[in-house]
**Student:** 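Please find one structure pasted underneath; my questions will follow.
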Amino acid sequence: MSSKKYILGNWKMNKNLAEITKFFASFNKHLITNNKIKYGFAPTYLGLGLASNLKKGQTFIIAQDVCEQEEGSYTGQISCKQLKDYKINYAIVGHSETRKFLGCTDQMVNKKVKVCLANKITPIVCIGESLQQYNKHQTKDVLAKQLKTIFNGVDDSKCIVAYEPLWAIGTGKTPTLKEITTICTHLKKFVQHTPILYGGSVNENNAIDIVTLKNVDGLLIGGASLCPDKFNKILKEVNKWTRK
Ligand code: 13P
């Protein structure tokens, strides 16, 4: 049994150009070819050009964010049109770190999604609950509310959703496998035709168990995606699984 799986790395504000070069020199040695797996990385904006040049095989490159405006006086922002110069076709939007540190809101994510789709960029929409909300058993309601605002007026089938519990990001903690599959199944009720990824403390040891859960269509990996050996190990296992 097999279906298409997304294995994506979010490098956040890590790796300079030398480190990106070193990463691909190692990562490219063990590339897999498998049309049931889609894999790629989101480097810093300044590394998009280099990563695009160094990537090989099926690897694709993702932007970590994009401005909700088409162009104009938005100091520090990057537009879809500018991403297109680098042939970028995917952008993460609404990551919890951009919400926390840059004030991104669900309303802004809704605009970002719209501007992405207008420019033929697939948005990877991050949603997730806080630890407090998780403890109060509010996860399903919180996520449903986020989806409602973010996908207002949007064809969600052209998007990807990444469920990233805030308390699982970079903490070494994850929900149980049962919780992950329950939540992703819940999300499918709202976005039936949208791939749903899980993110938050995924590593080379737990990745295969998570990605093979029902209604989990892939992974958005932070820390473990920085290391070519760890990411390759994950890809190798998923590759093996899709060929069963
Ligand atoms: P970690 O895998 O480091 O927990 O980060 C997850 C994440 O934020 C991916 O976008």
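Ligands are counted one by one from 1 in listed order, and the atoms in each one are counted from 1 as well. Quick note: numbers below take in every heavy atom, side chains included, and nothing from hydrogens, waters or symmetry partners.
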**Student:** If you count every heavy atom of other residues, nucleotides or ligands that lies below 6.0 Å from Lys84 atom NZ, does the total exceed 12?
**Tutor:**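 Check passes, neighbour count above 12.
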**Student:** Just need the protein heavy atom nearest to atom 2 (O) of ligand 1, so name the residue and atom and give the distance.
**Tutor:**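 Nearest protein contact, heavy atoms only, for atom 2 (O) of ligand 1 is Gly222 N, 2.9 Å.
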**Student:** Non-hydrogen atoms of Ser201 versus ligand 1: any pair closer than 4.0 Å?
**Tutor:**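 Judged by the 4.0 Å heavy-atom criterion, Ser201 does count as contacting ligand 1.
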**Student:** Do Gln64 side-chain atoms and His95 backbone N/O form a donor-acceptor pair below 3.5 Å?
**Tutor:**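 Side chain of Gln64 to backbone of His95: no pair is present.
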**Student:** For atom 3 (O) of ligand 1, which protein heavy atom lies nearest, and how many Å away is it?
**Tutor:**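 Protein heavy atom at minimum distance: Gly223 N, 2.8 Å.
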**Student:** Within the side chain of Thr194, is there an N or O that forms a donor-acceptor pair under 3.5 Å with the backbone of Cys159?
**Tutor:**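 No, the answer is negative, given that no donor and acceptor are paired below the 3.5 Å cut-off.
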**Student:** Can you confirm, on distance only, whether ligand 1 has an N/O atom lying under 3.5 Å from any N/O atom belonging to His95?
**Tutor:**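 Indeed, backbone or side chain, His95 has an N or O that close.
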**Student:** Do Glu179 and Tyr134 meet the criterion of a side-chain donor-acceptor pair at a distance under 3.5 Å?
**Tutor:**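 Yes.
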**Student:** With a cut-off of 4.0 Å, which atoms of ligand 1 are near a heavy atom of Leu220?
**Tutor:**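 This gives 9 (C), 10 (O) as the contact atoms.
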**Student:** Give me the nearest non-hydrogen protein atom to atom 5 (O) of ligand 1 as residue plus atom name, then the distance to 0.1 Å.
**Tutor:**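 Heavy-atom neighbour on the protein nearest atom 5 (O) of ligand 1: Lys12 NZ, 3.3 Å.
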**Student:** Check each atom of ligand 1 against the heavy atoms of Gly200 and keep those under 4.0 Å away; list them by number with element.
**Tutor:**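 Answer, ordered by atom number: 4 (O), 6 (C).
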**Student:** What orientation do Phe27 and Phe41 show, parallel under 30°, tilted 30 to 60°, or perpendicular over 60°?
**Tutor:**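 Phe27 vs Phe41 ring planes: perpendicular.
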**Student:** Tell me which donor-acceptor pairs under 3.5 Å the side chains of residues 228-236 have, and how far apart each pair is, sequence neighbours excluded?
**Tutor:**
residue	atom	partner	partner atom	Å
Asn232	ND2	Pro228	O	3.2
Lys233	NZ	Glu204	O	3.4

**Student:** Where the side chain of Ser225 meets the backbone of Ile221, is there a donor-acceptor pair that is under 3.5 Å apart?
**Tutor:**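 Yes, the answer is positive, given that a donor and an acceptor are paired below the 3.5 Å cut-off.
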**Student:** Among protein heavy atoms, which sits nearest to atom 9 (C) of ligand 1, and what does the distance come to when rounded to 0.1 Å?
**Tutor:**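 Closest protein heavy atom to atom 9 (C) of ligand 1: Glu164 OE2, 2.9 Å.
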**Student:** Within the structure, does Asn10 bring an N/O atom to less than 3.5 angstrom of an N/O atom in ligand 1?
**Tutor:**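 Yes - when backbone and side-chain N and O of Asn10 are compared with those of ligand 1, one distance drops under 3.5 Å.
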**Student:** Which of the atoms of ligand 1 are close to Ala168, meaning less than 4.0 Å from one of its heavy atoms?
**Tutor:**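 Those qualifying, in numeric order: 4 (O).
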**Student:** For a quick check under 3.5 Å, do Thr242 and Asn34 share a side-chain donor-acceptor pair by atom type?
**Tutor:**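 Thr242 vs Asn34: donor-acceptor pair found between side chains.
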**Student:** Does Gly170, backbone or side chain, put an N or O under 3.5 Å from an N or O of ligand 1?
**Tutor:**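 Among all N and O atoms of Gly170, at least one is under 3.5 Å from an N or O of ligand 1.
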